[in-house]
Number of protein chains: 2
Amino acid sequence: MSNVKKILIADDEPDILEIIQFNLQQEGYEVFTAKNGDEAIEMAKKHLPNLIILDIMMPGKNGIDVCNILRMQPIFKETLIVFLSALSDEGTEIRGLETGADDYLTKPISPKVLISKVNALFRRLNNEGGDLLQLGDLKIDREKYLINYQGSDIVLARKEFELLALLASKPGKVFLRNEILNQVWGTEVIVGDRTIDVHIRKIRQKLDLDCITTVKGVGYKFEL
Amino acid sequence: MSNVKKILIADDEPDILEIIQFNLQQEGYEVFTAKNGDEAIEMAKKHLPNLIILDIMMPGKNGIDVCNILRMQPIFKETLIVFLSALSDEGTEIRGLETGADDYLTKPISPKVLISKVNALFRRLNNEGGDLLQLGDLKIDREKYLINYQGSDIVLARKEFELLALLASKPGKVFLRNEILNQVWGTEVIVGDRTIDVHIRKIRQKLDLDCITTVKGVGYKFEL
DNA sequence: TCTGATATTATCAAATTGTTAACCACATGC
DNA sequence: GCATGTGGTTAACAATTTGATAATATCAGA
């Protein structure tokens, strides 16, 4: 996962949208916004955020609808989703959580508390990877930007490193080309598809270990 | 992680302790209780619960102290910790979350909501498995894009995989040719009917398992 | 048996990826 | 300022795989 976490906020009140956006940006997150449910789904598909904050009551599709729709797609299974609602109704809260949300927050909420909650959510998500991956003979140190295979260090360029680190973060999982582009290159930059191939090739070359498998028409995966 | 989740609740009010314990037990969790901070730490070490619910204000060590002490030990790094407090003070909540807690709940809280929250926390922790269908000897791993039959992996091309995954998603259900076209090929693309047959054939060939039944004039269905 | 539907096979077109070389931007050291 | 090296991207072409279709064979039910 790239360093900067992406957060999508969906709310029909521009003021709230702006306040939350500002505060989360201050905290170092990359923030996207949506004014309604449909826009939220569109933005989610486009930017593949790590966390989505959904207002429940929005014109058109409401937050719970959006959550349901997203959760049906495998690519959003891991995505953190929290509701942010003025409704402190017990039934709604339960329904929200059972839809597959990770938390249910009620308005009004102070920016500081919101940030604490967001940080807490990410803290746990991050822990799954850790800064040092060890996979058989292969060690990947994200902090020191170092690869070590069978005791000897291997120098990878930054993109190569990030690409390998991403794939290795979930061995076996197939990363779609889209996912890779979003995580390694970010949503801003647009690069061609061949670019990924070339980097994959370089990694395969430097690690003569045959650990990256092509899944044609889908993406790549890491496997020892 | 074992099947039955263990939960430790620490609160100095016996009534609350009992209500929560009862409700969580009803939900199928194994519940331990502690009446104060020291007891909480002792029970945590003894039973290694998956989730600890801590009251903030307790005689002796308060909840935040307990959280701090536990989080220092590697063995409790993965343990879910949530605070449950009558203090809705913003500063305390932030401090609690920054201590390394996963959530901060405020009393009074309805048992149903509490259970929803607890379930939500466990849901994410469990997700390590990813999404895979298991049908007898046949495993379909959508994340790893892999078919495994009786222990050996089978490689399917994308359309083949998607087609099989679709049929297998509802064993027994007959999928009309139209449905299949819509789900696998999308509404945009127009392909002939024979195309489906050919893909079905390839799947049948690769899995020598006879699991796809033709329903003449209607469609196909998956059955073991 | 006849007929409509599906299975099979071979074939071709299209899509996807691998590979190499070249290019540009940028930093470094002379 | 100027050569040099590195990293990242792209273009161009080769190699490969996949997907779709047509043609033919086969099957099941009326």
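Values below: all heavy atoms of this structure, side chains included; hydrogens, waters and symmetry mates excluded. Lettering follows sequence order; numbering is per chain, from 1.
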ring-ring contact (aromatic ring centres under 6.0 Å, His included) partners of Phe175(A), counting only residues at least two apart
none

Return the set of residues passing side chain to side chain donor-acceptor pair (under 3.5 Å) with Glu160(A) (not counting sequence neighbours), or none when no residue passes.
Lys206(A)

Give me the atom names and distance for the closest heavy-atom approach of Arg142(B) to Phe161(B).
CA-CZ, 4.1 Å

Tell me, please, which residues at least two apart from Lys173(A) pass salt bridge (charged side-chain N to carboxylate O under 4.0 Å, His left out).
Glu179(A)

All N/O pairs under 3.5 Å across the protein-nucleotides 8-13 of chain C interface:
| from | atom 1 | to | atom 2 | distance (Å) |
| --- | --- | --- | --- | --- |
| dT9(C) | OP2 | Arg201(B) | NH2 | 2.3 |

Set of side chain to side chain donor-acceptor pair (under 3.5 Å) partners for Glu188(A), sequence neighbours left out:
none

For residues 213-224 of chain B, tabulate all N or O donor-acceptor pairs below 3.5 Å that involve a side-chain atom, not counting sequence neighbours.
| from | atom 1 | to | atom 2 | distance (Å) |
| --- | --- | --- | --- | --- |
| Thr214(B) | OG1 | Arg204(B) | NH2 | 2.9 |
| Tyr220(B) | OH | Asp197(B) | OD1 | 3.1 |

Got a sec, which pairs hit side-chain hydrogen bond (donor to acceptor under 3.5 Å, both in side chains) with one end in residues 62-76 of chain A, sequence neighbours left out?
Arg71(A)-Asp102(A)

Would you jot down, in residue-number order, the residues of residues 214-224 of chain A having a non-hydrogen atom under 4.0 Å from DNA chain D?
Lys216(A)

Pairs of donor and acceptor atoms involving the side chains of residues 17-29 of chain A, under 3.5 Å and at least two apart or interchain, shall be tabulated with distances.
| from | atom 1 | to | atom 2 | distance (Å) |
| --- | --- | --- | --- | --- |
| Asn23(A) | ND2 | Ile19(A) | O | 2.8 |
| Glu27(A) | OE2 | Asn119(A) | ND2 | 3.3 |
| Tyr29(A) | OH | Asn119(A) | OD1 | 2.5 |

Under a 4.0 Å heavy-atom criterion, DNA chain D is touched by chain B from dT18(D) to dA28(D)

Which ones in residues 152-163 of chain B lie close to DNA chain D, meaning a heavy atom under 4.0 Å from one of its atoms?
Ala157(B), Arg158(B), Lys159(B)

Short side-chain to backbone donor-acceptor contact, Thr195(A) and Val191(A), under 3.5 Å
no

Gap between atoms CG and P, on Asp193(A) and dA15(C) respectively (whole Å):
14 Å

Taking salt bridge (charged side-chain N to carboxylate O under 4.0 Å, His left out) as the definition, give me every residue that meets it alongside Asp11(A), ordered by chain and number, with sequence neighbours left out.
Lys107(A)

Quickly work out the Ile196(A) CD1 to dG18(C) P distance and round it to whole Å.
11 Å

